[in-house]
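The structure appears below as structure tokens.
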Amino acid sequence: NAGVTQTPKFQVLKTGQSMTLQCAQDMNHEYMSWYRQDPGMGLRLIHYSVGAGITDQGEVPNGYNVSRSTTEDFPLRLLSAAPSQTSVYFCASRNRVSPLNYGYTFGSGTRLTVV
Amino acid sequence: GDSVTQMEGPVTLSEEAFLTINCTYTATGYPSLFWYVQYPGEGLQLLLKATKADDKGSNKGFEATYRKETTSFHLEKGSVQVSDSAVYFCVSAQKLVFGQGTRLTINP
């Protein structure tokens, strides 16, 4: 099925560990973005990309890195995990041409706990 | 900057009750507005949308009308079901600004 695939679904890290959250889409969407969801705060944009080779920072980029070497993949890296990064992370994508008509497609999320 | 303010939850209703979840926005222009729904354990799904003033979005019995004069996009449903229990997000599409979410629980 076409859509956005995120892996893993759950992850527990120790403080200081690094890891990569994977995001892949098979809809040939130009735009991809990462959000974190914290209680009472909606979704906050971490990083986004408007196409392969292009990334930019969102509202809360500190502690996270991204790259976009292909249209399909947009991994999110935590270089040194901190308890403040405990959250649910969502990847989303959309078509550049018709974002207002079709909205965004979201992955099912990654629940990350940093202890 | 752009912002979206939603009615605070949680909201608990009985089955067949009338639902309103308030949403107001601030923006430099007239952004498209969305309601997204997140069912337990799942990602976000687009519920409905409106792209210009006075547009009414509707889906699954839910409706929302884009009111430019009050900068609002309130979500309504005439008769809720247990299966409507979820978290609802009002979203301004211009910069994908999310409201904080409203958790809705429907009791049988």
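In the text below, chain A, chain B and the rest are named by the order of the sequence lines, each starting its count at 1.
Remark: B/E16 CD is loosely packed, at most 12 non-hydrogen atoms of other residues, nucleotides or ligands lying under 6.0 Å away. More than 12 non-hydrogen atoms from other residues, nucleotides or ligands lie less than 6.0 angstrom from CD of B/Q81.
Looking at A/Q6, there are no atoms closer than 4.5 Å to chain B (heavy atoms on both sides), in backbone or side chain. No part of B/Q45 comes within reach of chain A, as not one of its non-hydrogen atoms sits under 4.5 angstrom from that chain.
Here the options are A/F90, A/Y104, A/Y35, the test is side chain to side chain contact (heavy atoms under 4.5 Å, CB included), and the partner is B/L44; only A/F90 passes.
Cluster membership check: B/L47 shares its hydrophobic cluster with B/V4, using side-chain heavy-atom separations under 4.5 Å among Ile, Leu, Val, Met, Phe, Trp and Tyr. Tracing side-chain contacts under 4.5 Å through hydrophobic residues (I, L, V, M, F, W, Y), one never reaches A/Y31 starting from A/V66; they form parts of separate clusters. The hydrophobic clustering, which links ILVMFWY residues whose side-chain heavy atoms are closer than 4.5 Å, places B/L104 and B/V37 together. If you chain together hydrophobic residues whose side chains sit under 4.5 Å apart, A/V60 and B/F89 never meet in one group.
Residues of residues 107-115 of chain A lying under 4.5 angstrom from chain B, judged on non-hydrogen atoms, are A/G107, A/S108 in numerical order.
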For residues 41-54 of chain A, which side-chain donor-acceptor pairs fall under 3.5 Å, sequence neighbours excluded?
unit_1: A/R44; atom_1: NH2; unit_2: A/D38; atom_2: OD2; d: 2.8
unit_1: A/H47; atom_1: ND1; unit_2: A/D56; atom_2: O; d: 3.4
unit_1: A/H47; atom_1: NE2; unit_2: A/Y64; atom_2: O; d: 3.0
unit_1: A/Y48; atom_1: OH; unit_2: A/D56; atom_2: OD2; d: 3.4
unit_1: A/S49; atom_1: OG; unit_2: A/G51; atom_2: N; d: 3.3
unit_1: A/S49; atom_1: OG; unit_2: A/G51; atom_2: O; d: 2.9
unit_1: A/S49; atom_1: OG; unit_2: A/I54; atom_2: O; d: 2.5
unit_1: A/S49; atom_1: OG; unit_2: A/R68; atom_2: NH1; d: 2.7

